[in-house]
Amino acid sequence: MKNRIVSIIARALPEVMAEARLDPLPLPPVEVEATRDPAHGDYATNLAMILSARLKRNPRQIARTICDRLQDEESILAKVEIAGPGFINFFLREEVWKTELQRIEAMGERYGCSDAGGGRRVQVEFVSANPTGPLHIGHARGAVVGDVLANILRAAGYEVYREYYVNDAGNQMFNLGRSVLYRYRELLGRLAAFPETCYQGEYIRAIAAEILSRDGESYLDRPEEEVVPVFTDYAATVILRGIKEDLAAFGVVFDGYFSERELYRDDGVAKLLRRLEEGGHIYGEDGARWFRTTAFGDEKDRVVVRQNGETTYFAADIAYHKNKFERGFSWVIDVWGADHHGYLPRMSAGVQALGYPPESLRVVLVQLVNLLRGGKPVAMSTRSGEFVTLREVVDEVGRDAARYNFLMRRTDSHLDFDLEVAKEQSNENPVYYVQYAHARIAGILRLAAERGMEVPRYEEVETGLLVLSEEMALIKALSRFPELVAGAAAALEPHRLTFFANELAALFHSYYNKYKVISDDPALSRARLFLIEALRIVLKNNLHLLGVSAPDRM
RNA sequence: GCGCCUGUAGCUCAGUUGGAUAGAGCAACGGACUUCUAAUCCGUGGGUCGAGAGUUCGAAUCCCUCCAGGCGUACCA
């Protein structure tokens, strides 16, 4: 819709420029915005004010000139006005808006999708929690944000791949295996004290018990360095399986899990280091090998090979990102907890040193969730074993409510999650407001069907009967959905969808309370049924992108 | 110290990438169920957009300086 306005203006522009005796090139970009206030029409452009600086003429005068040259070939405009300091306001004919209802009918569950992304292959990496314990609530926000971003990007025409990076190499994993081993010994009465540095959670005991019942006491007297890897592998497998189950219960399913070990098996890290050496990005100092990340804007250089000869996590991570690009993803999005933000400059340096443009890696920083219980902060750490698991939250609050909650704020805004409040207020959660709108519509459609009225086809509808301001407001709001999805994808801002869903629901609830859809007037009933069916489709599509169900009854 | 994020109504937050008179929800107060679902709706009150200076036709939005809170600042992952 917006584009049609833009092209009308663009057609008139050369003539305006010629008249002002100005070199028509470069033409200023035509910016058209949906207005906030209906009194300002449907769309507005500030073009005249932009031009006034260049033409050194009164903006209202320029606006006048532009308006006189406009050629509305498809006759979509009802009125064009010059307002305020020089805005040009466009009022579309109501019939034009109503044709959007036909598009909704035709596209159905695909309404909202676009080809803005042009099929570009993008990878979204998120969660990527170490498999040293179950996912807790701190992981939940990133999980939903990544999942919904992937949904939105797919709808916006990208080819999306969701990936979980499994950090199954390194000290933490060794520590995990050791923790299980000590619990195993403890079960057999062969451990004096469980070390504080080990993972304290109950789940470690459970895993130890599993190993005991499977393999018996055979590990008891064998040397630690021989036994720990067995325990590590077993524990990591069990924990990762649990993580996948918890994510699935939360509605998050990955296309692939990428193992850090795989990177070492394929010699990926060594290859990466050679590549960096050849590029002249590496130097030696203090017995370690350093990557000159400062050449790409980092505040200090970073070690990639330690004094003891081991590569760092950072080295592996660059190799991992290299691998992503080599798999054909031209755009890579990482969803990180905000506590990792300091890591961004060096990761970007890695990408650039490999010859990829900086914008090929986008990092979405998700601010940490402040967990409260009854207003009091809850201390959490995986090691201490004190945490509220993702599974508990899903079970207590519900998947829909939990997801919606995490999507109601910008990702870079801090979020308080109070367990008591989430539980107590679950019936007042905004998600129910939106779902209720969907259920109410479904209810009306059911009743209509009982009375022998099916949702009509567009050709059978006299859209001219939809004359109420509430109806026009609804139709215009629905029409915004495709642009909204594309905009949310471009900005990587999933929260826009929850706000839009709320807005649609509010418009509907208000309309519902004021007017009847099914009435004695068959033609009017048909028109309104058609309208609310279009609304139902958009609500459902919106909720679907959020990974939230759209119930027919509540 | 330095870096990143945040600061908007009593509370929790939006604000379409610089637009016109700054908006929702909750809380407060007053109303609406014999009706297609009241998990809803209608109305009222509520603002120095953290502070100050700057950029321009125009600033919550951009630049600079402060203030406050959060996070980060490893040869850990």
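Here is the naming used below: chain letters follow the sequence lines, and residue numbers restart at 1 for every chain.
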task = Compare the minimum distances between each of B/U37, B/C4, B/U40 and the side chain of A/Y433, then state the nucleotide with the smallest one.
result = B/U40
query = When the distance from CG of A/N46 to C1' of B/A20 is rounded to whole Å, what number comes out?
reply = 12 Å
query = For atom P, what is the distance between B/G1 and B/U44, given to the nearest Å?
reply = 49 Å
query = To the nearest Å, how far apart are A/L51 CG and B/U56 C1'?
reply = 16 Å
message = Measure CD/A/Q367 against C1'/B/C4 and give the value in whole Å, please.
response = 9 Å
query = When we call it a touch if two heavy atoms are under 4.0 Å apart, what does A/R36 touch: a base, just sugar-phosphate, or nothing?
reply = base
message = In terms of relative ring orientation, are A/F291 and A/H281 parallel, tilted or perpendicular, with 30° and 60° separating the classes?
response = perpendicular
Integer angstrom distance from the P of B/G46 to that of B/U35 = 37 Å
message = Quiz question: by atom type and distance under 3.5 Å, do the side chains of A/D400 and A/Q435 form a donor-acceptor pair?
response = yes
ask   = Is the ring centre of A/F481 less than 6.0 Å from the ring centre of A/F500?
value = yes
query = Within the structure shown, what part of the strands sits under 4.0 Å from A/L447 by heavy-atom distance: base, sugar-phosphate, or nothing?
reply = sugar-phosphate
key: Span that lies between the C1' atom of B/U56 and that of B/A9, in whole angstrom   = 30 Å
task = Answer yes if the ring centres of A/Y257 and A/Y165 are under 6.0 angstrom apart, and no otherwise.
result = no
message = Can you confirm if the aromatic rings of A/Y512 and A/F508 lie within a centre distance of less than 6.0 Å?
response = yes
ask   = In whole angstroms, how far is the P atom of B/C13 from the CG atom of A/N405?
value = 11 Å
query = Looking only at atom P, what distance separates B/G18 and B/U61, rounded to whole Å?
reply = 11 Å
request  = State whether the number of non-hydrogen atoms from other residues, nucleotides or ligands found under 6.0 Å of A/D37 atom CG is greater than 12.
outcome  = yes
note = Considering only heavy side-chain atoms of A/A83, the closest of B/A38, B/A20, B/U35 is B/A20
ask   = Just how far, in rounded Å, is C1' of B/A39 from CG of A/N513?
value = 12 Å
message = Looking at B/A38, I'd like to know if its phosphate oxygens (OP1 or OP2) sit under 4.0 Å from a side-chain N or O belonging to A/Y432.
response = no
query = From B/A20, B/A39, B/G15, pick the nucleotide closest to the side chain of A/N89?
reply = B/A20
request  = Check whether the side chains of A/E163 and A/Y320 place a donor and an acceptor atom closer than 3.5 Å, and report yes or no.
outcome  = yes
Enumerate all atom pairs, one protein N or O and one N or O from nucleotides 6-10 of chain B, separated by less than 3.5 Å.
unit_1	atom_1	unit_2	atom_2	d
B/U6	OP1	A/D412	OD2	3.4

remark   = Walking RNA chain B from its 5' end, the first of A/G443 and A/R409 to be reached, judged by nearest nucleotide, is A/R409
query = Does the aromatic ring of A/F499 sit over the six-membered base ring of B/A14, closer than 5.5 Å centre to centre and tilted less than 30°?
reply = no
Chi angles and distances behind the side-chain contact (heavy atoms from CB on, under 4.5 Å) call for A/Q367, A/L415 = CA-CA 7 Å; A/Q367 280 295 333; A/L415 170 63; over 6 Å; no
task = May I have the step-by-step check of side-chain contact (heavy atoms from CB on, under 4.5 Å) for A/I333 and A/L153, ending in yes or no?
result = CA-CA 11 Å; A/I333 296 171; A/L153 286 164; 3.5 Å; yes
Base-pair map of RNA chain B as dot-bracket, where | denotes pairing with a different strand and pairs are Watson-Crick or G-U under 3.5 Å = (((((((..((((.....[...)))).(((((.......))))).....(((.(..]....).))))))))))....
Per A/Y512 side chain, nearest of listed nucleotides B/A20, B/U17, B/U37 = B/U37
request  = Look at the side chain of A/D37 against the base of B/A22 and say whether a donor-acceptor pair falls under 3.5 Å; ignore hydrogens and angles.
outcome  = no
message = Strictly under 4.0 angstrom, non-hydrogen atoms only: write out the protein contact profile of nucleotides 72-77 of chain B, one letter per nucleotide from the 5' end, B, S or -.
response = SS-BSB
request  = Give the rounded distance in Å between these two atoms: CG of A/L497 and P of B/U16.
outcome  = 16 Å
Closest nucleotide among B/U35, B/A14, B/A39 to the A/M554 side chain = B/A39
task = Give a yes or no on whether the ring-centroid distance for A/F90 and A/H40 is below 6.0 angstrom.
result = no
ask   = So, is A/T35 near the phosphate of B/A20, with a side-chain N or O under 4.0 Å from OP1 or OP2?
value = no
B/A38 phosphate, OP1 or OP2, under 4.0 Å from A/R440 side-chain N/O = yes
message = Between B/G19 and B/G30, how many Å separate the two P atoms, rounded to a whole number?
response = 40 Å
message = Between B/C49 and B/C13, how many Å separate the two C1' atoms, rounded to a whole number?
response = 13 Å
request  = Go through the steps for A/K476 and A/L92 under the test side-chain contact (heavy atoms from CB on, under 4.5 Å), then give the verdict.
outcome  = CA-CA 11 Å; A/K476 289 178 182 179; A/L92 269 63; over 6 Å; no
Distance, rounded to the nearest Å, where A/L484 contributes CG and B/A14 contributes C1' = 13 Å
query = RNA chain B: A/A490 or A/T411, which has the more 5' nearest nucleotide?
reply = A/T411
task = Starting at atom CG of A/N58, determine the distance to atom C1' of B/C57, rounded to an integer number of angstrom.
result = 10 Å
